[in-house]
J.: 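Here it is, the structure, as structure tokens.
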Amino acid sequence: GMTCAACVARVEKTAAKLPGMHKAAVSLLTNTLEAEFDESALSAGEIAAAVRKAGYGATLREAGQERTAQSAGELAEQAQQQAKKRLIASCILLAVLMYIAMHHMLPAPAFLHHLFGGAENSVVFAFTQFLLLLPILLLNRQYFTSGFSKLLHGAPNMDTLIAVGSGSALAYGVFAIFRMAWGLGHGNPALAEQYMHDLYFEAAGMILTLISLGKYLEARSRGKTTEAISKLMDLAPKTATLLRDGQEVEIPAEQIAVGDILVVRAGQSIPADGIIVEGHGAIDASALTGESVPEEKTVGDRVAAACGGYFQMRAEKVGGDTAISGIIALVEQAAASKAPISKLADRIAGIFVPVVMGISAVTLAAWLISGSGFEFAFNCAIAVLVISCPCALGLATPVAIMAATGAGASRGILIKSAEAIEQLAKVDTVVL
């Protein structure tokens, strides 16, 4: 349920104030909460319950690291495709809406001027825009459900700004339709024409479409960062050849048990960490060490998953205990860790949305006190909300960190914390 840095700050604050909690670190990129707590005073279930009470979803991670990484990649790909479809549909609908709204300033056929021009057609003009806006609202309804839900929980986020900003523009447009209908029904075409030029349906559609563009770019960034973990996982084979009663049997890699005798042929990767019991060969360990020269191994030598050779071996570490799984876990931990600049961004985001909403309210009050009309004051207040909607505070640094740690790990360079990456900016000499 997290969508921005304000959500991260809310979840961290909720978890941090629980009795027995020592440390709570939330990652927007991986949608995880890593907690260190006193098990005699607090349980993982109670932490998840507290997060759910704050308006977010939370379940315990009980699967292994490998399955978690796979699901993260699948979720990122699914989110990217959904964001792309939503963006394309929103852009098409917005183009039509903008053309109708701005037809008097664009090359347009005569029938459009005849259909929508003049005060007598003001209601038709406004209602057509309203109908074109409805599918855009439907496509982007998650901003409203998330934004207003978090507002009701007393924890407004970036979606709240989007929902309030575009929702206010929509509400004002509906109000304008009533005023136009009132003017035409009471012989006051000037009133209808006044509100005809004060419609903001296209503004509401533009807000939602631009935010959808931002969300699509975010989804692409997330997808690219999970690619690194997926590539690491692909280094370990999905199947293994097991020697059972003198017969070779192919089984899924996750079914390997400690003590099993595995057969590894030339060109194949080792499915588990273990010891060679028969045969010998040159092991390509570049996936783990970055060393390009193969290393000669024989009976009694240890070998690690994701390397290659030709021999029989006894499995000693399987599944999440293998070296490659440990590297994947460390990459995920590095992605979840926070550099000082990221922590600062989270603190700012925690108060950003309430401050912006407060400034919007002050803007409305100030214009009303100065004698301006309600419509003008209302438009100024909406403008404050709208320009504050796009916010990359909570994602820019985590995406950069995840890209660096993932790409580094696939080349044999392991970076274990976000703070280390920030310190690298000060490095002027690298000694090999």
Side-chain angles (χ1 to χ4, degrees), residues 1-8 10-11 26-33 51-52 55-59 61 63 67-98 132-151 157-167 170 204-231 233-234 332 335-336 349 386 389-396 398-400 402-403 406:
M2 297 189 301
T3 59
C4 66
C7 298
V8 171
R10 170 70 171 177
V11 175
V26 176
S27 169
L28 178 62
L29 187 66
T30 57
N31 278 314
T32 57
L33 162 62
V51 173
R52 287 193 291 269
Y56 298 87
T59 55
R61 176 189 284 190
R67 184 179 299 176
T68 301
Q70 283 179 331
S71 62
E74 292 168 359
L75 288 173
E77 177 64 24
Q78 184 180 359
Q80 182 177 339
Q81 292 303 319
Q82 290 176 348
K84 184 177 181 180
K85 292 177 182 177
R86 188 167 61 246
L87 174 62
I88 292 173
S90 296
C91 285
I92 294 172
L93 291 165
L94 178 65
V96 178
L97 174 57
M98 291 294 293
L132 288 170
L133 176 62
L134 287 181
I136 299 178
L137 294 173
L138 184 64
L139 284 168
N140 298 281
R141 61 189 178 276
Q142 75 272 13
Y143 302 128
F144 294 91
T145 54
S146 170
F148 288 123
S149 171
K150 300 303 183 291
L151 185 61
N157 61 0
M158 298 302 166
D159 287 349
T160 304
L161 295 181
I162 299 166
V164 173
S166 57
L170 170 65
M206 181 67 77
I207 294 168
L208 295 172
T209 303
L210 287 176
I211 294 299
S212 292
L213 172 61
K215 292 295 183 181
Y216 170 65
L217 294 176
E218 287 182 7
R220 281 190 60 187
S221 298
R222 291 175 191 238
K224 288 180 179 179
T225 55
T226 55
E227 279 179 13
I229 290 181
S230 298
K231 288 178 181 177
M233 290 173 52
D234 290 340
E332 288 188 329
V386 169
C389 287
C391 176
L393 274 176
L395 200 63
V399 164
M402 186 70 166

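Computed from a predicted model, the values in this text were never measured in an experiment.
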J.: With sequence neighbours excluded, tell me which residues meet side chain to side chain contact (heavy atoms under 4.5 Å, CB included) with R52.
T.: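 Counting only residues at least two positions away or on another chain, R52 forms a side chain to side chain contact (heavy atoms under 4.5 Å, CB included) with A48, A49, A58.
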J.: For L94 versus I136, what's the shortest heavy-atom pair and its separation?
T.: N-CD1, 3.8 Å
J.: Has the side chain of T209 got a donor or acceptor atom that lies under 3.5 Å from a matching backbone atom of M206?
T.: no
J.: Which distance, rounded to the nearest 0.5 Å, do you find between the OG of S90 and the CG of L210?
T.: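 Answer for the OG-CG pair, S90 versus L210, is 10.5 Å.
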J.: Looking at side-chain heavy atoms only, is the closest gap between F144 and S149 below 4.5 Å?
T.: no
J.: Return the SG to CG distance between C91 and L213, rounded to the nearest 0.5 Å.
T.: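 One finds 7.0 Å between SG of C91 and CG of L213.
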J.: Under the side chain to side chain contact (heavy atoms under 4.5 Å, CB included) test, which residues partner L151, sequence neighbours left out?
T.: F148, P156, T160, M357
J.: Should L170 and L137 count as side-chain neighbours, where that means a heavy-atom distance under 4.5 Å?
T.: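 Answer yes - side chains close enough.
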J.: Do you know which two heavy atoms are closest between S146 and D159, and how far apart they sit?
T.: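 Taking S146 first and D159 second, the nearest heavy atoms are OG-OD2, 3.0 Å.
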J.: Taking side chain to side chain contact (heavy atoms under 4.5 Å, CB included) as the definition, give me every residue that meets it alongside K84, ordered by chain and number, with sequence neighbours left out.
T.: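 For K84 the side chain to side chain contact (heavy atoms under 4.5 Å, CB included) partners, ignoring immediate neighbours, are I88, Y216.
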J.: Quick one: CD1 on I207 to CD1 on I162, what's the gap to the nearest 0.5 Å?
T.: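 Separation between the atoms: 9.0 Å.
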J.: Please report the closest heavy-atom contact between V51 and G57, naming both atoms and the distance.
T.: CG1-O, 4.1 Å
J.: Less than 4.5 Å apart, side chain to side chain, heavy atoms only: is that true for Q142 and Q82?
T.: no
J.: What distance separates L208 CG from R141 CZ, expressed to the nearest 0.5 Å?
T.: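 L208 atom CG to R141 atom CZ measures 12.5 Å (nearest 0.5 Å).
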J.: Sequence neighbours left out, what passes side-chain hydrogen bond (donor to acceptor under 3.5 Å, both in side chains) with S212? Give chain and number order.
T.: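 So S212 forms a side-chain hydrogen bond (donor to acceptor under 3.5 Å, both in side chains) with N140.
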J.: Would you please name every residue forming a side-chain hydrogen bond (donor to acceptor under 3.5 Å, both in side chains) with Q81, sequence neighbours left out?
T.: E77
J.: Taking all heavy atoms of A89 and all of L139, pick out the closest pair and write down the distance.
T.: CB-CD1, 3.5 Å
